[in-house]
There are 2 protein chains.
Amino acid sequence: MSKSGYKIKSVVKAMKVLEQFKEKKELGTTDLSKKLDIPKSTMFNILYTFTELGYIQQTKYDKYKLSTKIFELSQSIEYDLRNEAKPYLRKLSEATRETINLVLHMEEKVLYTEKVESQEPININTKIGKKEDIYCTAVGKAILAFLKQDRQEKIFEKITFHSHTPNTITDLEDLKEEIITIKNRGYAVDNEEFARGVKCVAAPIFDYKGDPISAVSITGPAERMDSKGIERLASLVKENAMDISNVLGFGS
Amino acid sequence: MSKSGYKIKSVVKAMKVLEQFKEKKELGTTDLSKKLDIPKSTMFNILYTFTELGYIQQTKYDKYKLSTKIFELSQSIEYDLRNEAKPYLRKLSEATRETINLVLHMEEKVLYTEKVESQEPININTKIGKKEDIYCTAVGKAILAFLKQDRQEKIFEKITFHSHTPNTITDLEDLKEEIITIKNRGYAVDNEEFARGVKCVAAPIFDYKGDPISAVSITGPAERMDSKGIERLASLVKENAMDISNVLGFGS
DNA sequence: AACAGCGTTCTATAATATTGAACAAAACGA
DNA sequence: TCGTTTTGTTCAATATTATAGAACGCTGTT
């Protein structure tokens with residue numbers, strides 16, 4: 001375990017610059033140097049370096065924006081997670097006969113990464129590649145509940161509640177209460193909070209540090225998901241999520 | 001345009017290290033130091049820096065792997081492209097009544113990023129978030145054809161041909177010839193090379209440098225796509241791809 | 001028990017990132 | 001139209017800082 005260690009200052013600075021492009025897509029040398037309190041000429045060197053490496057590119061007139069090169073990196077993670085998790089998702093699908101979803105945590109959103117569709121006549125349509133809000137999905141709440149407090153609070157600040165259905169949680173205090181419940185029982189439920197007639201049960205997937213990075217869910221029509229059914233499904237997702245945590249090389 | 005400029009060596013080194021994780025997902029300090037010919041202790045500092053920043057994390061025993069933080073960056077690009085392109089994809093869908101796909105270029109693959117589905121009874125099912133080979137899709141070939149020669153050659157080396165249908169191009173020389181044709185007429189055709197009964201017409205989307213980074217395609221059942229129909233669709237995709245290039249702030 | 005391999009620590013030193021000042025060119029205002 | 005301001009970029013001297021060899025502790029192996 002690392003105690004001592006040297007943080008390379010120029011690398012830290014450079015990455016901070018890259019991260020600026022998350023919020024604003026086009027930035028100039030001066031903008032950036034003011035925002036990060038780094039001299040223009042230093043900023044120019046950083047931008048020049050990333051441009052040469054292909055991570056950012058210049059727009060028509062003297063601005064910079066991210067290029068698609070970072071994709072190459074992020075894809076490899078997504079690919080790994082998807083493939084390692086897939087057999088477990090299938091197993092869960094067979095056991096429950098419902099649609100299974102795998103999401104990745106992305107700040108105040110979750111990214112739908114993989115799914116196995118139910119073979120039942122009535123099934124729920126979710127889309128891979130879509131991002132949904134963390135507060136109104138079972139997967140999102142499952143992740144949120146197990147995050148460390150400081151990260152939770154940063155996310156709370158970013159949330160803007162929007163009422164998808166009459167059941168959607170739209171109050172921060174309600175969400176905080178819900179999170180306590182989720183943490184105690186180890187799984188989250190979406191009780192028609194995102195879409196009418198659709199219920200979900202989800203459990204978090206942990207990294208080696210014990211932080212949630214992802215989640216699995218079972219999604220089905222409300223008719224098939226009564227409170228007793230949900231309890232059964234809950235223990236299945238929880239177990240499955242733990243298995244995935246382990247296979248990713250994370251679990252305790 | 002940048003002529004002179006200083007490439008920050010520690011940043012270049014650090015990014016090279018990050019990129020190593022594209023190929024192998026778990027790497028140790030010594031592995032990396034040997035592969036990149038950087039002393040172990042320097043490598044440790046680089047890894048320590050990225051770990052502290054959250055871009056990589058340690059696995060159970062003394063190895064490192066990418067964390068999901070890079071996603072946050074890549075998502076912002078994908079999001080921009082998708083949203084800026086969407087109205088144009090819709091317009092194309094209305095004009096053609098077929099399924100429209102938007103992909104991103106990723107080395108020897110293409111990533112399906114956005115689509116607008118055809119309203120026709122028979123339509124083609126492609127999946128957002130999936131990666132397909134560059135040589136057997138219209139979108140892939142459209143991008144490949146317009147890449148600079150040195151990048152083309154790097155990709156040629158990475159391709160391993162696999163016969164999806166009897167029409168799939170499985171020979172490098174054939175692919176090179178096809179590329180010349182595509183470059184001359186400005187669009188690519190998938191003539192049931194990826195899936196039986198499915199044809200596509202695609203055109204590349206360019207960045208500000210004139211390099212292709214993305215592509216749009218019209219996909220439909222072979223019955224609806226005779227040679228005359230394809231010609232009409234071709235001019236539509238080409239025009240649409242140019243419009244998107246422009247709206248992204250790239251176009252000439 | 002001795003060895004070989006790993007990740008990590010430390011520090012002196014050489015290397016290198018930094019930065020202010022200066023420049024050209026575009027954008028803006030009058 | 002002509003100054004004025006602001007932009008991105010260039011440069012070289014200097015001080016900062018990244019570097020890397022050697023040593024450490026640990027684990028697994030022979």
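Chain letters run A, B, ... following the sequence lines, proteins first, then strands; residues in each count from 1. Please read these numbers as outputs of a predicted model, since none were measured by experiment. Computed from heavy atoms alone, side chains included, the values below leave out hydrogens, waters and symmetry copies.
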Between [N] and [X], is there an OP1 or OP2 to side-chain N/O distance shorter than 4.0 Å?
X     : N      : answer
B/T42 : D/dA20 : yes
B/T29 : C/dT8  : yes
A/Y48 : C/dT18 : no

Please enumerate all residues that pass salt bridge (charged side-chain N to carboxylate O under 4.0 Å, His left out) together with A/K238, with sequence neighbours excluded.
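A/K238 satisfies salt bridge (charged side-chain N to carboxylate O under 4.0 Å, His left out) with no residue once adjacent residues are dropped.
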
Salt bridge (charged side-chain N to carboxylate O under 4.0 Å, His left out) with B/K154: which residues, sequence neighbours excluded?
none

Check every strand shown and say whether B/K63 touches a base, only sugar-phosphate, or nothing at a heavy-atom separation below 4.0 Å.
nothing

Quick one: label A/S41 by what it contacts on the DNA or RNA (base, sugar-phosphate, nothing), any heavy atom closer than 4.0 Å.
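Since a base atom lies under 4.0 Å of A/S41, the category is base.
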
Using the side-chain heavy atoms of [X], tell me which of these nucleotides is nearest: [options].
X     : options                : result
A/Q58 : C/dT8, D/dT9, D/dA20   : D/dT9
A/N45 : D/dT7, C/dT18, D/dA20  : C/dT18
A/K9  : C/dT18, D/dT7, D/dT17  : D/dT17
B/K34 : C/dT18, C/dC6, D/dG8   : C/dC6
B/T30 : C/dC6, C/dT8, D/dG8    : C/dC6
A/K40 : D/dT19, C/dA22, D/dC11 : C/dA22

Please give, in whole Å, the distance from [N] [atom2] to [X] [atom1]?
X     : N      : atom1 : atom2 : answer
A/Q57 : D/dG8  : CD    : C1'   : 18 Å
B/L32 : C/dT8  : CG    : C1'   : 15 Å
B/D31 : C/dG5  : CG    : C1'   : 12 Å
B/M43 : D/dT19 : CE    : C1'   : 13 Å
B/F44 : C/dT11 : CZ    : P     : 15 Å
A/I46 : C/dT19 : CD1   : P     : 9 Å
A/K7  : D/dT19 : NZ    : P     : 16 Å

Flag side-chain contact, heavy atom, 4.5 Å: B/L102 against B/K115:
no

Tell me which one of A/F50, A/Y64, A/F21 satisfies side-chain contact (heavy atoms from CB on, under 4.5 Å) with A/Y55.
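Among the candidates, only A/F50 passes.
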
Nearest-nucleotide wise, let me know which of A/S10 and A/G28 is further upstream toward the 5' end of DNA chain D.
A/G28

First encountered from the 5' end of DNA chain D, between A/I8 and A/Y64
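Taking each residue's closest nucleotide, the earlier one in sequence belongs to A/Y64.
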
Using atom types as modelled and distance alone, determine if a side-chain donor or acceptor of A/D31 lies under 3.5 Å from a backbone N or O of A/G28.
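Side chain of A/D31 to backbone of A/G28: a pair is present.
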
